[in-house]
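Residue numbers start from 1 in every chain, and the chains themselves are labelled A, B, ... in the order their sequence lines are given, proteins ahead of strands.
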Amino acid sequence: MIRVSERRITSFRNKIYNWYLVNGRIFPWRTSDADTYRLIVTEILLQRTRAANVAAFYDDFFSHYPDWYSLTNADSEGLESFLRPLGIWRRRTATLVNLANAIMEMDGRVPHDRVEIEKLPGVGQYVANAIQLLAAGTPAPLLDAGMARVLERYFGPRTLADIRYDKYLQDLAWRVVSCDKAIEVNWGILDLSAVLCKNREPLCSQCPLKKGCNYYQGNVSERLV
DNA sequence: ATCCTGGTAC
DNA sequence: GTACCTGGAT
């Protein structure tokens, strides 16, 4: 397993944070007035889905389905047709209704305990981390494919195929975001992954992290050979 | 470790 | 037609 020094983590985090302050994307769910309901539902809408597509959809969705109760009462076909433009609409409909039922059975309160949160239907490691970060305000990584790509390019590749079980990547992500600007650092990494550190044709020349980046340095040396 | 699920960008 | 997008369930 690759060892990463604390100095390198701090340098990476600071560059991400400074880049985010200027270049961070604006999304409706990043405003502070979003309640826990919107926060959790938004994370489910974002699964395997581009953020820009969810943004175009956001206001309309929450005006039709403003709270957990409205989802438990929702007409299933109506909800499905509503979610169809986003993709994965059958699965997402079932997940939202099951989750709403589970939370309404708990008097509409989302559990406080991390283990209990992850037992909720449709809530896995990623959404549980999002709740911990955005609802509870405790640092946790939004470690999706995008963050994994940024971390791996900068620090070095993981060994396991599945992000969620790769200890190196998990440890790295937790170390990077464990600071008093955890939300901004998380969003900064996700934004960088979508805007510059794209899967295909990354825009390394514009990247504030290229100086310390394994991927960029590797490409530079290849060109020189 | 593998399956599922669908719109979108390329 | 392929790979990707703020993964969860088994």
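Per the geometry, CD1 belonging to A:Ile117 stands 16 Å off C1' belonging to C:dG8, to the nearest Å. Here C:dG7 presents its C1' atom at 14 Å from CG of A:Leu45, a figure rounded to the nearest Å. Rounding to whole angstrom units, CG of residue A:Asn186 and C1' of C:dT6 are separated by 10 Å. Note: CD1 (A:Ile163) to C1' (C:dG7) measures 9 Å, nearest angstrom. Between the CD1 atom of A:Ile44 and the C1' atom of C:dC5 there is a distance of 16 Å, given to the nearest Å. Going from atom CD of A:Glu43 over to atom P of C:dG7 covers 9 Å, rounded to whole Å. Distance CG (A:Leu39) to P (C:dT6): 17 Å, rounded to an integer number of Å.
One finds no salt bridge joining A:Arg92 and A:Glu80 here, because no Lys/Arg side-chain nitrogen approaches an Asp/Glu carboxylate oxygen to under 4.0 Å. Salt-bridge check for A:Arg38 with A:Asp67: failed, with every basic side-chain N at 4.0 Å or more from each acidic carboxylate O. With salt bridges taken as basic N to acidic carboxylate O contacts below 4.0 Å, one links A:Lys119 and A:Glu116.
For A:Tyr37, the ring-ring contact (aromatic ring centres under 6.0 Å, His included) partners two or more places apart in sequence, or in a different chain, are A:Phe62, A:Trp68.
Sorted by residue number, the members of residues 119-137 of chain A with any non-hydrogen atom under 4.0 Å from DNA chain C read A:Pro121, A:Gly122, A:Val123, A:Gly124, A:Gln125, A:Tyr126, A:Val127.
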(message) At under 4.0 Å between heavy atoms, how does the protein contact nucleotides 1-10 of chain B? Give one character per nucleotide, 5' to 3', with B, S or -.
(response) BB-BSBBB-S

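Rounded to the nearest Å, the gap between the P atom of B:dT2 and that of C:dT6 is 25 Å.
Checked against the 6.0 Å centroid criterion, the rings of A:Phe155 and A:Phe12 qualify as a close aromatic pair.
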(message) Go through it in stages, so that I can follow the logic: the residues are A:Arg164 and A:Asp144, the test is salt bridge (Lys or Arg N to Asp or Glu O under 4.0 Å), and I'd like the CA-CA distance, side-chain angles, deciding distance and then a yes or no.
(response) CA-CA 9 Å; A:Arg164 293 163 291 184; A:Asp144 69 332; over 6 Å; no

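Residue contacts shown for A:Arg149 are limited to sugar-phosphate atoms, with no base heavy atom under 4.0 Å away. Residue contacts shown for A:Ala51 include a base, since a base heavy atom lies under 4.0 Å away.
Between the side chain of A:Asn129 and the main chain of A:Pro141, a donor-acceptor pair closer than 3.5 Å is present. A:Arg153 contributes no side-chain N or O that, together with a main-chain N or O of A:Tyr216, makes up a donor-acceptor pair within less than 3.5 Å.
Pairing each heavy atom of A:Leu46 with each of A:Trp29, the nearest pair is CD2-CZ2, 3.9 Å.
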